[in-house]
Structure formats: C-alpha cells, structure tokens
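As structure tokens, the structure follows; a few thoughts come after it.
Values below: all heavy atoms of this structure, side chains included; hydrogens, waters and symmetry mates excluded.
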Amino acid sequence: MRHHTAAIRMEDVHLPDLDLWFEVSFTPVYLTPDQLTHWTVVLRDVTTRRRERAFLQNFMAATLAALRDAPLPVAINQMLRGMQQVLPSWTAVLILAEGETLQVYGDRLPDGLCRWIGSRSAEQLRGFWAQHDPQRLGRTLTTHDPFGAYDQAAGFQTSTGLALYDSQRTLLGTLALLHPDPLTVPDQASEVLSGGAGHIALVIEHHQQRQQLQWLAYHDPLTGLLNRSGFARQAALTLTQAGETGGALALGVLDLNRFKTVNDSLGHAIGDRLLQAFAGRLRAVVGHLPLQHLTRLGGDEFAFVIGEPARMDEVSAALSGMLGEPFTLEGRLVHIGLALGWSVYPSTAADLETLLQQADSAMYVAKRTGRAASVYAPTTRPSIFGFELENALHRAIEEDQLSLVYQPQVSVADRRIVGVEALLRWVHPEIGNIAPSEFIPMAESLGLMDRLGRWVFERACRDAARWPDPDLTLSINVSVLQVQHPQFQATLEAAARRHGLGPHRLIIELTETALVSDLAGLQSTLEQVRAWGARVSVDDFGTGYSTLLFLRQLQVDELKIDQSFIQDLGQPDKAGRDSCAIVGATLTLAAAFGLGVVAEGVETEQQASLLRDMGCPSMQGWLIAPGLTQAELLRRLES
C-alpha cells in the first residue's frame with residue numbers, strides 16, 4: 001500500500017432510497033510489480049458536499065432566472081428547493097408582505113396551512129418582527145409549535161426563521177425552515193438559513209424594483225393613472241377583443257377648461273394638485289360609470305374607454321356634473337369645467353390612433369362651441385360649420401383660403417437661423433381661423449390628404465426656393481396617409497424639381513405616434529425618401545411609445561422634442577425635474593444614434609439657456625418667432 005497508492009478508478013455512487021452519496025475509489029495492491037493480490041476500496045460519504053453543490057447550483061440558476069425577469073415564484077421556489085436539498089428533513093418557506101396581505105411560497109407546505117397564513121395581515125407580520133427584532137438585525141428566531149393557533153394539525157413542531165429586509169431596512173417578509181419534530185436547531189440549518197436569506201432578499205428587491213420600473217413605464221407618476229404608453233397597450237388589447245366578439249366601444253378624450261389659467265395664476269404646484277384631485281374624482285366614479293383604462297395623456301388631457309357607446313350621453317353628463325363642486329386647494333376654491341370628445345369603434349375608425357385623433361378633434365369641437373361633449377362625425381359638422389366639411393376643404397384649396405406660415409429654427413448657441421418649418425393655416429371667410437388639429441383629422445377621414453399634401457409641397461417648395469440662404473432647410477409635416485400613398489415620393493420630387501429645390505434642403509416630419517402605428521408600412525417609402533437625399537424627422541418625440549429598436553429600424557435623421565417637455569424646463573417642481581431628465585436623455589440618445597435635435601415650443605430665455613447648457617443644437621418657438629408669412633420671413637432672413 002505504501003508504494004501503490006494511486007487509485008485507478010473513482011466513481012460517485014448514489015443510494016436513492018437513503019438519499020446518500022458516496023465517492024468510491026479502487027486502488028490495486030501488488031505483492032510484486034507483476035503480482036496483483038488485493039484491491040483497496042475506499043468509500044467516502046460526500047452527501048453533504050453534493051447537497052451543498054446542489055444548493056449552490058439551484059441558487060445560481062434561480063438568481064440568473066430572476067435577473068432575466070423570470071416570474072418571482074419560479075426563482076423563489078427554486079431557491080427554497082435548494083435549501084431543502086441540503087436539509088432533506090426540513091421544509092423551507094417564504095412569507096412575503098405584499099401590500100396589506102401575505103404571500104406564501106414553498107411547495108412542501110400543505111394547502112390549508114398556506115391559506116391560513118395568507119389570511120393573516122401584513123401588519124401582523126410587521127408587528128411580530130418589530131417585537132422580536134426591533135433593531136432589524138435579521139437574527140434567527142427559533143420557536144416550537146409555530147402554528148399553534150392553526151385549528152388543524154400543522155405537522156410542524158420546530159421553526160427557525162429570520163426577517164428579510166431590503167436595502168432601506170424595510171421588512172420584506174420571513175424566511176423559515178420547519179421541522180416535524182421538536183428538536184434543537186442544528187448549526188447547519190442556521191447556516192443554510194442565513195446563507196440563503198441574502199440571495200432571496202436580493203431577488204425580491206430586484207423583482208420589486210422591476211415592478212416599480214414597469215409601473216412607471218405605463219403610468220403617470222403625478223396622478224397614478226395610465227400614461228399614453230399604458231393606454232396604448234391596454235386599449236389596443238380591448239379593441240382586439242371587441243373585434244373578435246363583434247362588439248363596439250367608445251373612446252373619450254377630455255380636456256380641463258381653465259386649467260392653464262389656474263397654472264398661470266396659482267402656480268404649477270397648485271396645477272399639479274388640481275390634476276391629482278381631478279384624477280381622484282375620476283377614480284371615484286368608476287364604481288357606477290363603465291370607465292376603463294383611465295389615462296392622463298399629458299398636460300390636462302385625459303382619456304378612457306367605455307364598452308357601451310349607448311351610454312356616452314350618460315357618461316358625459318355624469319363627468320360634467322362631477323365638476324359642479326369646486327376643488328379646495330390650499331384654502332382656495334377652484335372651479336373648472338371640461339370639454340369631452342368621443343369616437344366610436346368600429347363606426348368611425350378601426351384603429352386606436354385614428355380613434356384618438358377623432359376623439360381629440362371632437363373634444364376641440366366641444367371646447368370651441370362651449371358644450372360639455374361632442375361626438376366625432378366623419379362626414380359633417382353642422383353644429384359648427386353649417387356645411388359639409390369636404391366641400392369646404394375643396395373650396396379652401398381652390399379659393400386660396402389655405403396658407404403657409406414659417407417658423408424659424410435657430411442654433412441654440414448663436415441664434416443663427418438654420419432651418420424653417422412650414423405650418424399649414426386655414427382662415428375661413430365666415431368662421432375665421434380653423435386649427436389644423438380640427439381639420440387635418442377630418443381631411444384624413446375624407447381622403448383629402450393627398451390633394452392637401454400636394455398643395456403644401458408646391459407652395460412650400462416655391463417659397464423656399466426664394467430664400468436668400470441656399471442651404472436653409474425646409475421642414476414639412478406629413479401624415480401617415482400621405483406617406484402611404486403610392487405617389488408620395490414622386491409628388492415630393494416633382495414639386496422640388498419644379499422650383500429648383502435640392503433634396504438636401506427637405507426634411508419630412510412625421511409624429512412619433514404615427515410612425516409607431518405603421519412602422520412596417522412606412523419604412524420602405526421613407527428609406528426611398530432618404531436615398532433621394534431628403535431627411536426624416538420624428539415630430540413630438542417623447543409623446544408616443546417608440547423603442548430603441550424602432551429608431552434603429554427606421555434610421556431617422558432628426559428628433560424634435562415635444563413642447564410639453566420644454567414648457568416645464570427650469571421649474572422647481574417635479575414636472576420641471578422630470579422634463580429636464582427627459583430632455584437630457586433625448587439628447588444623449590440622439591448623440592448615440594448620430595441624430596439632429598430640435599426643441600419645440602421654446603418661449604422663455606430661461607428655457608433657451610437651459611437647452612444651451614444641456615447641449616441642444618437647435619430650437620424653435622415664440623421666443624424666436626411665431627409663424628411668419630413668406631414676406632415676414634424674407635425680411636427676417638435679409639436682416
């Protein structure tokens with residue numbers, strides 16, 4: 001044995017009935033170098049080592065699954081099974097305090113006992129650990145007959161557990177090991193409990209942070225209602241279900257009257273509290289009104305869906321009446337009203353984006369006429385115009401009622417004009433100014449966008465060709481319907497060619513929500529536009545629900561930061577801080593993708609100064625100039 005000690009074979013042997021593991025080695029023993037006389041067989045009990053290895057493997061796999069955003073029960077139960085592999089006679093259990101209730105994890109616990117524990121309150125658990133671990137040190141606590149209050153035989157006589165805390169020392173729950181016999185807790189059980197607690201606490205905290213981030217992604221932090229992205233996701237699913245069952249829906253968009261007055265006169269802090277109070281009243285009426293997917297779209301604009309279009313009048317009256325009582329804000333009585341617009345699926349549109357546009361248009365009709373509510377009508381608007389809109393738009397083009405104004409875009413650093421955005425205006429001889437937000441959606445539904453777009457291209461290219469700076473860019477807003485038209489590219493090229501305008505001077509603007517709604521359908525056409533030499537800009541960036549994948553696929557050239565983020569820049573409240581963060585993130589994102597950036601709606605020197613400090617290259621807004629006529633723009637350019 002002294003001279004022949006090297007084993008020539010080694011195996012791991014499992015005895016499943018006993019759940020034991022042995023490492024078995026075989027070593028030959030020779031009397032002479034050529035004469036084998038014996039074998040030495042050594043059995044080493046490696047059960048503990050194998051169980052510890054299985055424990056670590058389970059914890060590593062569970063941690064990896066949690067980091068890959070697996071459901072929390074999947075990761076937790078795998079960790080608990082790992083603990084049980086080290087201690088086969090013990091049952092591992094996790095009791096989490098989720099809100100005001102308790103959630104029980106552990107696949108060895110009887111169902112009846114799980115229900116009994118789950119019927120206790122989270123406050124009871126917090127009170128228990130406040131008494132037994134007042135310093136929140138996370139020390140183990142051993143008890144006998146832990147479920148004595150349970151009216152059935154629990155089957156567990158010994159419990160050793162400890163409180164789990166997050167990084168802020170807030171109680172997450174209890175991790176415990178249970179045994180059916182009354183006994184003294186071995187050191188190994190305490191070690192496994194303490195070793196597993198840290199990993200499990202990290203997994204729980206990661207899960208909670210992920211839930212919080214997901215909540216923030218789809219909810220408005222000020223009111224707690226859904227945000228535009230959350231509404232798009234949930235309302236789209238509701239539309240799909242209605243389509244499958246042949247049902248109908250009504251989509252409502254409402255705007256608060258006099259909110260801007262409150263904001264301007266009492267301050268943004270009071271304005272925020274008013275929005276929160278209004279959201280609270282909306283939630284309060286959900287019990288007797290069929291409102292689904294309550295949403296704050298932005299500013300003082302809200303949206304929701306009802307599953308019974310026949311109840312639109314009832315809902316409109318109830319919401320209007322809800323504001324009969326004034327709001328009391330810091331000792332002041334604040335009276336507001338609302339303007340509500342409706343669109344109906346599938347009567348007026350079959351997709352969410354169009355329904356939102358239609359409801360928004362109807363809301364402006366209600367606001368313009370002083371009514372509480374208005375339902376979108378796809379062909380006529382007799383209550384406002386007294387004639388059919390299609391004929392009015394045709395005449396507007398033929399009789400030169402339409403016009404373009406031009407808003408300069410300047411370098412933030414030196415205020416040098418670097419581009420111009422063309423803005424469409426309609427001045428009706430009897431009604432006066434009609435906002436694009438009112439007539440563009442109607443023009444789209446009536447199939448007039450192609451003709452309207454040709455007029456805009458022709459007029460804008462004609463005017464741009466007369467500007468003294470041959471490199472000044474011209475930005476033109478287009479709708480999805482225009483881009484989807486098979487002659488879109490040819491129409492644009494023909495207008496530019498007729499007036500000698502190089503494609504490098506043209507920037508085509510599409511709203512973010514419009515691009516996201518039909519990325520696949522628009523991508524080919526926009527790629528052709530870029531190949532020709534023109535550029536593509538994403539208008540109102542930040543108000544839709546695009547992704548990094550969307551920007552990479554589309555390969556746009558420019559992002560325009562929506563004015564809703566610019567107007568709060570420099571404000572000391574949360575809205576100001578949030579807007580500053582969003583603008584900064586957009587600039588970083590644009591730099592990473594090599595995109596140009598234009599900030600819209602700049603109205604104050606403070607906003608311009610902040611944009612300069614943040615490195616924003618270009619801006620436009622009333623601080624620079626409103627929409628100018630061609631003559632006014634030429635004078636500005638020449639000076």
Side-chain angles (χ1 to χ4, degrees), residues 228 231-232 235 239 249-257 295 297-306 309 312-313 315-316 319-320 337-394 396 401-402 423-428 431-449 451-453 456 477-482 510-514 517 539-540 543-544 562 564:
R228 187 180 289 268
F231 181 73
L239 285 180
L249 301 169
L251 188 152
V253 171
L254 67 85
D255 183 86
L256 300 182
N257 296 333
T295 300
L297 293 175
D300 61 337
E301 197 166 89
F302 296 78
F304 51 84
V305 171
I306 65 172
M312 286 189 294
D313 289 344
V315 171
S316 299
L319 293 179
S320 181
L338 60 79
L340 174 58
W342 293 99
S343 58
V344 181
Y345 170 90
S347 301
T348 61
D351 65 278
L352 179 61
E353 188 60 36
T354 306
L355 287 169
L356 273 170
Q357 291 175 352
Q358 292 175 348
D360 196 61
S361 177
M363 180 268 290
Y364 278 106
V365 170
K367 188 178 286 285
R368 186 184 182 97
T369 57
R371 291 184 295 169
S374 175
V375 181
Y376 176 81
T379 55
T380 61
R381 298 166 71 185
S383 60
I384 302 173
F385 291 103
F387 51 76
E388 205 239 343
L389 182 60
E390 182 176 1
N391 292 333
L393 281 176
H394 279 295
Q401 296 175 15
L402 298 174
L423 303 171
L424 183 61
R425 296 290 182 261
W426 181 9
V427 181
H428 191 274
I431 299 169
N433 292 320
I434 303 175
S437 59
E438 294 184 44
F439 69 82
I440 292 295
M442 304 294 276
E444 290 179 334
S445 66
L446 295 169
L448 295 177
M449 283 310 301
R451 186 177 180 190
L452 202 58
V456 171
N477 293 279
V478 297
S479 77
V480 172
L481 295 181
Q482 286 177 264
L510 273 153
T511 63
E512 181 183 16
T513 50
S517 67
D539 197 14
D540 301 338
T543 62
D562 186 73
S564 61

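- Of all the heavy atoms in Ala372 and Ser320, the pair that sits closest is CB-OG, 3.9 Å.
- Between the side chain of Ser343 and the backbone N or O of Leu355, at least one donor-acceptor pair lies under 3.5 Å.
- Atom CZ of residue Phe231 and atom CG of residue Leu356 lie 5.5 Å apart, to the nearest 0.5 angstrom.
- Once rounded to the nearest 0.5 Å, the distance linking CD of Gln358 with CE of Met363 reads 14.0 Å.
- Rounding to the nearest 0.5 Å gives a distance of 9.5 Å between CG of Asn477 and CD of Gln482.
- Contact annotation: the side chain of Ile440 approaches that of Leu424 to within less than 4.5 Å [non-hydrogen atoms, C-beta and beyond].
- With values rounded to the nearest 0.5 angstrom, Leu297 atom CG is found 10.5 Å from Phe304 atom CZ.
- A 4.5 Å side-chain heavy-atom check between Arg371 and Val365 finds at least one atom pair inside the cut-off.
- Between Met312 and Val315, the closest side-chain pair of non-hydrogen atoms is not below 4.5 Å.
- Interatomic distance, OG1 of Thr354 versus CG of Leu251, reported as 11.0 Å (0.5 Å rounding).
- Note that the CG atom of Leu254 and the CD atom of Glu301 stand 8.0 Å from one another [nearest 0.5 Å].
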task: Go through the steps to decide whether Val253 and Tyr376 satisfy the test side-chain contact (heavy atoms from CB on, under 4.5 Å), and finish with yes or no.
output: CA-CA 11 Å; Val253 171; Tyr376 176 81; over 6 Å; no
